[in-house]
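Note sheet for the following structure.
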Amino acid sequence: MSHPAFRHEAMNTFFEVTLAASAENFPVARAAAAAAFRELDRLESVLSRFVESSDIARANRLAFGESTMLGEEAFDCL
């Protein structure tokens with residue numbers, strides 16, 4: 001039995017989710033993969049240095065002595 005695989009581009013790379021799902025459960029598997037990719041996109045918007053408005057990009061632009069507020073996820077990541 002082959003398992004459905006779903007691919008998504010984020011963070012300048014590709015992510016793939018392969019789920020153990022039967023053909024009749026394919027819509028559920030697709031919805032689960034979509035939810036995972038939405039979370040990945042949300043994290044990218046906070047943590048990516050390539051997204052101008054992300055916490056990490058803002059922190060990278062700080063000059064010596066400047067400060068900025070970070071969200072909990074960016075702080076935990078650092």
Side-chain angles (χ1 to χ4, degrees):
M1 171 167 85
S2 71
H3 300 294
F6 305 92
R7 196 167 180 184
H8 183 74
E9 185 176 359
M11 299 185 190
N12 204 31
T13 192
F14 288 96
F15 291 82
E16 187 170 278
V17 174
T18 303
L19 300 169
S22 61
E24 62 268 5
N25 288 331
F26 184 82
V28 175
R30 182 178 41 224
F37 294 145
R38 278 193 304 276
E39 177 64 4
L40 180 62
D41 289 339
R42 186 190 69 76
L43 287 171
E44 180 177 34
S45 74
V46 174
L47 301 176
S48 177
R49 67 186 177 103
F50 300 108
V51 175
E52 288 289 319
S53 61
S54 78
D55 285 0
I56 299 302
R58 285 187 298 103
N60 279 340
R61 290 192 301 270
L62 293 174
F64 181 78
E66 291 182 324
S67 63
T68 189
M69 296 292 293
L70 296 177
E72 185 176 338
E73 289 163 327
F75 184 79
D76 288 347
C77 181
L78 294 173

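The shown structure was predicted, so the numbers you read here are calculated from the model rather than taken from an experiment. In this chain, residues are counted from 1 in sequence order. Just so you know, these numbers use all the heavy atoms, side chains as well, and skip hydrogens, waters and symmetry mates.
By the criterion of side-chain heavy atoms lying less than 4.5 angstrom apart, applied directly or through intervening Ile, Leu, Val, Met, Phe, Trp or Tyr residues, Phe6 is grouped together with Phe15 in one hydrophobic cluster. Under the 4.5 Å side-chain contact rule for hydrophobic residues, Val51 and Ile56 do not share a cluster. In the hydrophobic clustering of ILVMFWY residues, with side-chain heavy atoms under 4.5 Å counting as a link, Leu43 and Val17 come out together.
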Show which side-chain atoms of residues 7-14 pair as donor or acceptor with protein atoms under 3.5 Å away, not counting sequence neighbours.
residue : atom : partner : partner atom : Å
His8    : NE2  : Asp41   : OD1          : 2.8
His8    : NE2  : Asp41   : OD2          : 3.2

Just distance, no hydrogens or angles: give the donor-acceptor pairs under 3.5 Å from side chains in residues 71-78, sequence neighbours left out.
residue : atom : partner : partner atom : Å
Glu73   : OE1  : Arg42   : NH1          : 3.0
Glu73   : OE2  : Arg42   : NH1          : 3.3
Glu73   : OE2  : Arg42   : NH2          : 2.6

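Atom CG of Asp55 sits about 9.0 Å away from atom OG of Ser45, to the nearest 0.5 Å. A distance of 13.5 Å separates CZ of Phe26 from NE2 of His3, quoted to the nearest 0.5 Å. The distance from atom CD of Glu66 to atom CZ of Arg61, rounded to the nearest 0.5 Å, is 10.5 Å.
Closest heavy-atom contact between Ala32 and Leu19: CB-CD1, 4.2 Å.
The number of heavy atoms from other shown groups lying within 6.0 Å of CZ (Arg58) is above 12.
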